[in-house]
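Residue numbers begin at 1 in each chain, while the letters A, B, ... track the order of the sequences.
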There are 2 protein chains.
Amino acid sequence: MASDDTLPLEEFLPYRLNRLAESVSREFAKTYRDRHGLTRPEWRTFATLGQYGSMTATAIGVHSAMHKTKVSRAVSALEERKWLTRKPDPADRRTEHLSLTKAGLAAYREMVPLAKSFEKELLGKLGAKEREALLNGLQSLQSVLTVELSED
Amino acid sequence: MASDDTLPLEEFLPYRLNRLAESVSREFAKTYRDRHGLTRPEWRTFATLGQYGSMTATAIGVHSAMHKTKVSRAVSALEERKWLTRKPDPADRRTEHLSLTKAGLAAYREMVPLAKSFEKELLGKLGAKEREALLNGLQSLQSVLTVELSED
DNA sequence: TTTCAACGGTTACGAATGTAACGAACAGGT
DNA sequence: ACCTGTTCGTTACATTCGTAACCGTTGAAA
């Protein structure tokens with residue numbers, strides 16, 4: 001029974017989640033950093049566009065929980081790299097529809113298997129039962145939090 | 001069945017962990033930010049010292065996976081706040097043993113129940129089974145990663 | 001004892017981030 | 001047509017952060 005005057009950080013949920021997320025992300029970041037020199041925000045925008053084909057900047061921000069300035073800068077960087085193009089919206093001249101160029105798509109197709117095998121390897125270190133528990137647990141927590149995920 | 005040319009981010013482990021950690025941490029941060037204006041590194045150093053009584057700066061860094069400069073600055077800030085004192089090591093004049101002052105301990109004792117009830121409330125939104133799954137899942141992942149958790 | 005690599009901790013400086021303000025475009029009402 | 005408020009996206013500025021360099025100290029080897 002835990003004494004009531006101390007907070008054991010090792011068992012404290014925010015602390016645990018942070019350490020895990022940091023550690024896993026950092027590890028995976030090597031993959032796209034070494035390969036293409038992408039930053040984390042760049043990778044996220046990139047991967048979001050790869051998955052969804054075409055999106056506006058704000059949509060990317062909402063979807064990947066990134067601040068809009070982060071997205072803005074990531075988009076510029078990817079554009080400069082010729083991996084991304086902007087297409088004006090005929091109906092609304094404020095928004096731009098972003099999508100990957102041919103080169104961007106090529107890089108994406110090359111990254112997908114790497115990402116998948118990274119995940120597979122990581123999860124493979126767990127037993128089937130533990131893996132199940134982890135994924136289900138995350139799912140439940142996620143669904144509980146969906147409401148509070150807004151940026152501001 | 002997932003097609004092999006796309007990476008569904010919503011199911012991608014690093015992505016999921018990040019969103020959850022961010023969201024939970026951000027939410028909890030309100031507690032110590034609103035109350036005392038602590039930053040995240042400050043809170044972590046503070047909570048670590050509260051739990052362990054006395055520690056060196058490097059030890060805190062290792063334990064809480066923070067960069068040593070972060071720790072250094074957090075320590076200065078807490079010292080200025082009169083929540084923390086440094087005691088020289090009689091045997092090694094490079095290291096300092098850090099601990100909370102009386103005022104720091106008072107603040108800590110005040111924070112502990114808040115942290116616990118935050119966690120309890122969050123986990124309370126899950127069913128017993130899901131909670132079990134989450135905690136076990138995190139535990140397994142954690143133990144798989146312990147080796148790779150070094151900072152550099 | 002002198003030398004030298006390694007360590008604890010701080011700091012300078014450049015990179016990354018968020019807040020706030022902004023310009024341009026839209027939508028609604030008058 | 002003209003306000004008024006809101007939205008999309010960018011940018012200026014201040015803050016936070018990490019890399020690298022640094023200082024003083026230690027221990028061990030020559």
Side-chain angles (χ1 to χ4, degrees), chain A residues 18 21-23 25-26 29-30 32-33 37-46 48-49 54-80 84-99 149-152, chain B residues 18-19 21-23 25-27 29-30 32-34 37-45 48-49 54-80 84-99 149-152:
Chain A
N18 259 302
E22 252 303 294
S23 150
S25 288
R26 204 182 274 269
K30 288 181 191 163
Y32 52 77
R33 190 165 36 77
L38 288 178
T39 68
R40 221 188 298 194
E42 281 161 32
W43 154 256
R44 287 203 187 179
T45 1
F46 174 65
T48 308
L49 285 177
S54 177
M55 259 191 165
T56 69
T58 14
I60 295 177
V62 171
H63 181 77
S64 60
M66 283 195 295
H67 196 101
K68 62 178 180 172
T69 60
K70 250 190 202 170
V71 177
S72 172
R73 296 189 251 248
V75 166
S76 300
L78 290 171
E79 186 184 27
E80 197 146 347
L84 177 153
T85 45
R86 315 172 185 244
K87 279 167 200 152
D89 184 317
D92 185 340
R93 268 177 297 173
R94 290 171 303 178
T95 70
E96 297 172 313
H97 296 276
L98 309 169
S99 56
L149 263 178
S150 61
E151 185 84 10
D152 308 16
Chain B
N18 259 303
R19 291 203 45 148
E22 252 303 294
S23 150
S25 288
R26 205 182 274 270
E27 187 61 27
K30 288 181 191 162
Y32 52 77
R33 190 166 36 77
D34 292 353
L38 289 178
T39 68
R40 219 185 309 191
E42 279 161 32
W43 154 255
R44 286 202 187 179
T45 328
T48 307
L49 284 176
S54 177
M55 259 190 166
T56 69
T58 11
I60 295 177
V62 171
H63 181 78
S64 60
M66 285 195 295
H67 199 247
K68 62 178 179 173
T69 60
K70 251 190 202 170
V71 177
S72 174
R73 296 189 252 248
V75 167
S76 301
L78 290 171
E79 186 183 26
E80 197 148 347
L84 175 153
T85 45
R86 315 173 186 243
K87 280 167 201 152
D89 184 318
D92 186 339
R93 268 178 296 175
R94 289 171 303 180
T95 70
E96 298 172 313
H97 297 276
L98 309 168
S99 55
L149 263 177
S150 63
E151 184 84 9
D152 308 15

- Item | side chain to side chain donor-acceptor pair (under 3.5 Å) partners of A:Ser54, counting only residues at least two apart | none
- Query: OP1 or OP2 of D:dG9 less than 4.0 angstrom from a side-chain nitrogen or oxygen of A:Thr95, does that happen here?
  - Reply: no
- Verify the contact: side-chain N or O of A:Ser72 to OP1 or OP2 of D:dG9, cut-off strictly under 4.0 Å; return yes or no. no
- Item | Atom-to-atom span, CD of A:Glu42 to C1' of C:dT17 - whole angstrom | 14 Å
- Can you see which heavy atom on A:Lys70 is nearest to which on A:Pro41, and at what distance? CD-CG, 4.1 Å
- Message: Using the salt bridge (Lys or Arg N to Asp or Glu O under 4.0 Å) criterion, which residues pair with A:Glu22? Sequence neighbours excluded.
- Response: A:Arg26, A:Arg40
- Query: Which residues pass the side-chain contact (heavy atoms from CB on, under 4.5 Å) test with A:Ala77, sequence neighbours left out?
  - Reply: A:Glu42
- Taking five pairs at each terminus, the helix from C:dT1-D:dA30 to C:dT30-D:dA1 shows an axis bend, to 10°, of 10°
- The salt bridge (Lys or Arg N to Asp or Glu O under 4.0 Å) partners of A:Asp92 (sequence neighbours excluded) come to A:Arg94
- Query: Nearest to the side chain of B:Glu96 - D:dG9, D:dG18, C:dT10?
  - Reply: C:dT10
All N/O contacts under 3.5 Å from nucleotides 15-17 of chain D to the protein, with atom names and distances to one decimal?
none

- Can you check each nucleotide of nucleotides 21-27 of chain C against protein heavy atoms at under 4.0 Å and return B for base, S for sugar-phosphate only, - for none, in 5' to 3' order? ---BBS-
Atom pairs and distances, side-chain donor-acceptor, residues 57-64 of chain A, under 3.5 Å, sequence neighbours left out:
residue	atom	partner	partner atom	Å
A:His63	NE2	B:Glu10	OE2	3.1
A:Ser64	OG	A:Ile60	O	2.7

- Item | Non-hydrogen atoms of A:Leu38 and A:Phe46 that approach each other most closely | CD1-CD2, 4.2 Å
- Query: Just how far, in rounded Å, is P of D:dC8 from NE2 of A:His63?
  - Reply: 17 Å
- Output all residues satisfying side chain to side chain donor-acceptor pair (under 3.5 Å) with B:Ser72, sequence neighbours left out; order by chain, then residue number. none
- What's the spacing between B:Lys30 NZ and B:Glu27 CD if we round to 0.5 Å? 4.0 Å
- Query: For A:Arg86, which residues count as a side-chain contact (heavy atoms from CB on, under 4.5 Å) partner, sequence neighbours excluded?
  - Reply: A:Val75, A:Ser76, A:Glu79, A:Leu84, A:Glu96, A:Leu98
- Query: Under 4.0 Å: is that the gap between some side-chain N or O of B:His67 and OP1 or OP2 of D:dT19?
  - Reply: yes
- Item | Partner residues of A:Thr85 under the side chain to side chain donor-acceptor pair (under 3.5 Å) criterion, sequence neighbours left out | none
- Message: Between P on D:dT10 and CD on A:Glu79, what's the gap in Å once rounded to a whole number?
- Response: 9 Å
- Message: OP1 or OP2 of C:dG8 versus the side-chain N and O atoms of B:Arg86: is any pair under 4.0 Å?
- Response: no
- Query: Quick one: A:Ile60 CD1 to D:dT10 C1', roughly how many Å, whole number?
  - Reply: 15 Å
- note: B:Met66, atom CE; D:dT19, atom P; distance rounded to Å ~ 15 Å
